[in-house]
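Following: one structure in structure tokens, then a few remarks.
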There are 2 protein chains.
Amino acid sequence: MPISEGQADGAVNRDDTIFELLQELNQRLSPKFERHAGISFTRLRLLQELYRLGPVSQNTLQRKVGIDAAAVTRHLKGLEENGLIARGSDPADGRAILVSLTERGQNAMSSCREEKGRFLEQLLSGFKEEEVALLARMLERLCGNIKQI
Amino acid sequence: MPISEGQADGAVNRDDTIFELLQELNQRLSPKFERHAGISFTRLRLLQELYRLGPVSQNTLQRKVGIDAAAVTRHLKGLEENGLIARGSDPADGRAILVSLTERGQNAMSSCREEKGRFLEQLLSGFKEEEVALLARMLERLCGNIKQI
DNA sequence: TTGTTATAGTTGACGGGTCAATAAATTGGG
DNA sequence: CCCAATTTATTGACCCGTCAACTATAACAA
């Protein structure tokens with residue numbers, strides 16, 4: 001019989017808890033955000049990056065947002081159908097596609113961003129500013145660790 | 001095409017960063033965990049809960065792990081095909097299905113749990129025990145906040 | 001009893017992510 | 001110059017989660 005160890009909560013030890021919390025958090029966060037903001041967090045990030053960077057290739061966009069190239073292709077397809085972005089060929093590189101934010105996309109982005117602000121305020125309610133900073137630093141450390149696994 | 005170098009510094013402010021980091025973390029965590037442990041984190045959780053609780057209905061299992069009933073059904077289908085769990089009818093309730101861990105499932109669970117330990121060790125490397133506790137507390141607070149949105 | 005309501009589980013459609021294979025264009029070494 | 005290797009984007013297959021519709025059973029009230 002494998003070691004009993006059955007704690008009162010589901011997790012076997014505190015390390016487990018971290019993993020479970022991260023998973024639970026994200027699974028609840030994404031749908032709620034989308035319902036609030038009317039757009040998925042990833043798509044909003046794409047629009048924001050596009051706004052920050054101006055017209056760029058899908059490739060650089062992909063690296064900025066940190067998702068798979070295939071996912072980027074499909075998101076952009078959807079965003080293009082909604083008229084929020086435009087895609088054109090890159091005169092300097094026949095392989096690349098230059099993606100740019102349309103005016104409509106810019107408007108959508110701004111209004112969603114306000115929603116996002118309210119959402120994040122609620123998410124972080126009760127956190128002092130320095131706690132937020134501390135949390136961010138810890139999450140960054142985790143990100144750093146994961147990259148080396 | 002594995003992702004490369006997604007900095008989370010596209011964020012407009014620190015609150016954004018938190019959200020981006022959480023998302024990035026989970027998106028990287030799950031695939032890496034699965035490759036390491038040979039089983040998805042959710043499925044391992046199912047096996048562990050089954051071990052802790054003994055034979056239970058899918059419903060209680062679902063509430064424990066915190067995912068959709070449909071997802072549970074499909075996970076259990078897969079686990080059953082692999083011989084890790086067994087499903088039988090509940091004599092006390094004709095609607096319910098009693099799920100139990102097979103011997104093979106128990107063995108799989110124990111060995112995966114060791115892998116998980118190593119994985120978490122790497123993930124949390126550089127964290128002092130009290131930092132882990134602090135992190136867990138903060139994530140719990142976030143979880144609490146999200147439930148009220 | 002019977003009919004209504006609630007609960008357990010399944011299934012299908014969908015969104016979001018991964019990886020692998022592929023086409024087209026660029027790059028670079030012989 | 002040319003051929004091989006690399007890079008960009010796309011597509012298909014798959015996993016994992018959601019929600020909504022459905023079936024079967026249970027619980028309960030009239």
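Within every chain, numbering begins at 1; the chains are lettered A, B, ... in the order of the sequence lines, protein sequences first and strands thereafter.
Along DNA chain C, the nucleotide nearest Val99(B) and the nucleotide nearest Gly94(A) are compared for position; the residue whose nucleotide lies closer to the 5' end is Val99(B). Checking Asp93(A) against Glu34(A), the closest nucleotide of DNA chain C that is more toward the 5' end is the one next to Glu34(A).
The aromatic rings of Phe119(A) and Phe19(B) lie parallel to each other, their planes meeting at an angle below 30°, with 60° marking the opposite boundary.
Within the helix from dT1(C)-dA30(D) to dG30(C)-dC1(D), the inter-axis angle between the opening and closing five-pair segments is 0°, rounded to 10°.
Heavy-atom neighbours of Glu140(B) CD from other residues, nucleotides or ligands within 6.0 Å: above the threshold of 12.
In terms of heavy atoms, Leu123(B) sits closest to Ile149(A) at N-CD1, 4.0 Å.
Residues satisfying the side chain to side chain donor-acceptor pair (under 3.5 Å) criterion with Asp90(B), sequence neighbours excluded, are absent altogether.
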Show the distances under 3.5 angstrom between N or O atoms of the protein and N or O atoms of nucleotides 10-14 of chain C.
| unit_1 | atom_1 | unit_2 | atom_2 | d |
| --- | --- | --- | --- | --- |
| dT10(C) | OP1 | Arg87(B) | NH1 | 3.2 |
| dT10(C) | OP2 | Gln58(B) | OE1 | 3.2 |
| dT10(C) | OP2 | Gln58(B) | NE2 | 2.8 |
| dT10(C) | OP2 | Thr73(B) | OG1 | 2.6 |
| dG12(C) | N7 | Arg74(B) | NH2 | 2.6 |
| dG12(C) | O6 | Arg74(B) | NH1 | 3.4 |
| dG12(C) | O6 | Arg74(B) | NH2 | 3.1 |

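Under the side chain to side chain donor-acceptor pair (under 3.5 Å) criterion, the residue pairs touching residues 23-34 of chain A are Gln23(A)-Thr42(B), Glu24(A)-Arg28(A), with sequence neighbours excluded. Applying the side chain to side chain donor-acceptor pair (under 3.5 Å) test to residues at least two apart or on different chains, the pairs with a partner in residues 93-102 of chain B are Asp93(B)-Arg95(B).
Backbone-only engagement by Arg43(B) is indicated by non-hydrogen atom pairs under 4.0 Å involving sugar-phosphate atoms exclusively. Among the heavy atoms of the strands lying under 4.0 Å from Ser40(B) are primed sugar atoms or P, OP1, OP2 only; no base atom is included.
The distance from the CG atom of Leu22(A) to the CG atom of Leu139(A) is 7.0 Å, given to the nearest 0.5 Å.
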For residues 124-132 of chain A, tabulate all N or O donor-acceptor pairs below 3.5 Å that involve a side-chain atom, not counting sequence neighbours.
| unit_1 | atom_1 | unit_2 | atom_2 | d |
| --- | --- | --- | --- | --- |
| Ser125(A) | OG | Gln122(A) | O | 3.4 |
| Glu131(A) | OE1 | Lys128(A) | N | 2.8 |
| Glu131(A) | OE1 | Arg141(B) | NH2 | 3.2 |
| Glu131(A) | OE2 | Arg141(B) | NH1 | 3.0 |

